[in-house]
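Okay, so here's the structure we're looking at.
The basis for the numbers below is simple: all heavy atoms, side chains too, and nothing from hydrogens, waters or symmetry mates.
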Amino acid sequence: MQTKVLFIVKTSFVYGTLAFLFSMVGLSLPSTVTYVVGSPLEVSGISVEHIVGHIVFGLMVSALSLNLRYFILGGIFPIVLDADHLIQFFNFEMVPRMAHSIAFGFLASFVLLMFFGKRDYRLGSIAFAAMLAHISFDILLGGKTAFPLLTPFVVEPLTFQGYDWIVIEIIAIAIVGICTLITKIQARKKLFV
Ligand SMILES: [Zn+2]
C-alpha cells in the first residue's frame, strides 16, 4: 500500500516537474510567436469545474488500465501538467502551454519509463494520454482554443474547436487500452513459458 502511494507521489512529481521544465523551451522560440502572457491566476481562468473536468477526463482514459494506481495517475497527471503555466509568473516573452504538446507527451513517457521501469507500458501510455485528455477538456471548456501541439517542430499554436475534444479523448482512451492489452498478453505468455 505504502509503495503504491509512494509510486503515485513520485511519478506525479516527476511529471509536474517535467511540464515546468519543458515550458522553458517556450522561451527560446522565435519572437514572432512569443509574448508576455501574464499571471496564470489572471489569464488562465482557474475554476473548480476546470479542475474537476481535468480529473474526470483523465480518469475516463486511465480506467482502461484496469489497475488502481494507473487509474489514480490518470486523474493526477492532467492536473500537474498545468505546471507549465507557472513560468508565466516571471513575465518572460514566451509561448504558453508548452506541455500541451505531443513532444511533451513523448518526453514524459520516456523519462517516466527510464525512472520507473522500462517495460511499464501502461505508465508510459498514461503519461502520453493524460496530455491528450487534458487538451481534450480544455477544448470542451474553452470552445475555441489553441495549443503548441506540434512544438518545437511547428512553432505556431494550432487551433481546436467544436467536437475536436471527442476525437482527442477517444485517441487517448485507445492508446491506454492498447497498452493494457499488450501488458495482459505478455503476462499471459509468461505463464506458458
Ligand atoms: Zn491546460
Side-chain angles (χ1 to χ4, degrees), residues 10-47 49-51 53-55 57-58 61-62 73-116 123-161 164-165 167-169 171-172 175-176:
K10 278 193 207 163
T11 49
S12 303
F13 179 76
V14 170
Y15 198 81
T17 306
L18 278 174
F20 177 73
L21 293 177
F22 194 73
S23 68
M24 292 181 186
V25 178
L27 304 175
S28 65
L29 295 175
S31 59
T32 49
V33 285
T34 60
Y35 59 100
V36 176
V37 183
S39 161
L41 298 178
E42 286 157 30
V43 297
S44 299
I46 300 166
S47 63
E49 72 175 329
H50 191 156
I51 294 169
H54 278 316
I55 295 173
F57 267 49
V61 170
S62 62
L73 285 182
I76 299 175
F77 280 0
I79 295 291
V80 292
L81 183 136
D82 265 341
D84 68 349
H85 287 287
L86 296 176
I87 198 166
Q88 290 166 219
F89 282 115
F90 297 99
N91 284 327
F92 296 129
E93 297 211 349
M94 55 177 283
V95 170
R97 302 173 121 180
M98 284 296 287
H100 300 52
S101 65
I102 289 174
F104 173 75
F106 277 120
L107 178 77
S109 298
F110 180 77
V111 172
L112 286 181
L113 291 189
M114 281 296 132
F115 282 161
F116 299 98
L123 177 62
S125 70
I126 300 266
F128 189 87
M131 176 276 297
L132 293 176
H134 181 106
I135 64 176
S136 171
F137 183 72
D138 274 350
I139 297 166
L140 176 65
L141 192 70
K144 187 175 179 186
T145 185
F147 313 99
L149 191 71
L150 301 178
T151 201
F153 308 104
V154 176
V155 292
E156 290 79 19
L158 306 186
T159 302
F160 295 88
Q161 57 193 322
D164 291 347
W165 65 271
V167 179
I168 295 172
E169 182 76 355
I171 294 172
I175 289 172
V176 174

Between [atom1] of [X] and [atom2] of [Y], what distance do you get to the nearest 0.5 Å?
X    : Y    : atom1 : atom2 : answer
E169 : H134 : CD    : NE2   : 12.0 Å
L29  : M98  : CG    : CE    : 5.0 Å
F110 : F115 : CZ    : CZ    : 10.0 Å
L112 : L123 : CG    : CG    : 5.0 Å

Does L140 have any side chain to side chain contact (heavy atoms under 4.5 Å, CB included) partners at least two apart in sequence or in another chain, and if so, which?
-> F57, F137, W165
What's the shortest heavy-atom distance between G26 and T34, and which atoms?
-> O-CG2, 3.6 Å
Pairwise side-chain contact, L149 with I135, heavy-atom cut-off 4.5 Å (strictly under) | yes
With sequence neighbours left out, which residue pairs that include part of residues 90-99 fulfil the side-chain hydrogen bond (donor to acceptor under 3.5 Å, both in side chains) condition?
-> R97-D138, R97-T145
Pair up each side-chain donor or acceptor in residues 10-24 with any protein partner under 3.5 Å, not counting sequence neighbours, and list the distances.
| unit_1 | atom_1 | unit_2 | atom_2 | d |
| --- | --- | --- | --- | --- |
| T11 | OG1 | F7 | O | 2.7 |
| T11 | OG1 | I8 | O | 3.2 |
| S12 | OG | I8 | O | 2.7 |
| Y15 | OH | A127 | O | 2.7 |
| T17 | OG1 | F13 | O | 2.7 |
| S23 | OG | F20 | O | 2.4 |

Those residues at least two apart in sequence (or on a different chain) that pass ring pair (Phe, Tyr, Trp, His ring centres under 6.0 Å) with F89 are none
Specify whether H54 and H50 have parallel, tilted or perpendicular ring planes, treating 30° as the upper limit for parallel and 60° as the lower limit for perpendicular.
-> tilted
Scan the side chains in residues 153-161 for donor-acceptor partners under 3.5 Å anywhere in the protein, sequence neighbours excluded, and list what turns up.
none

Looking at residues at least two apart in the chain, or sitting in another chain, which of them share a salt bridge (charged side-chain N to carboxylate O under 4.0 Å, His left out) with D84?
-> none
Heavy atoms from other residues, nucleotides or ligands near CZ of F116 exceed 12 (cutoff 6.0 Å) | yes
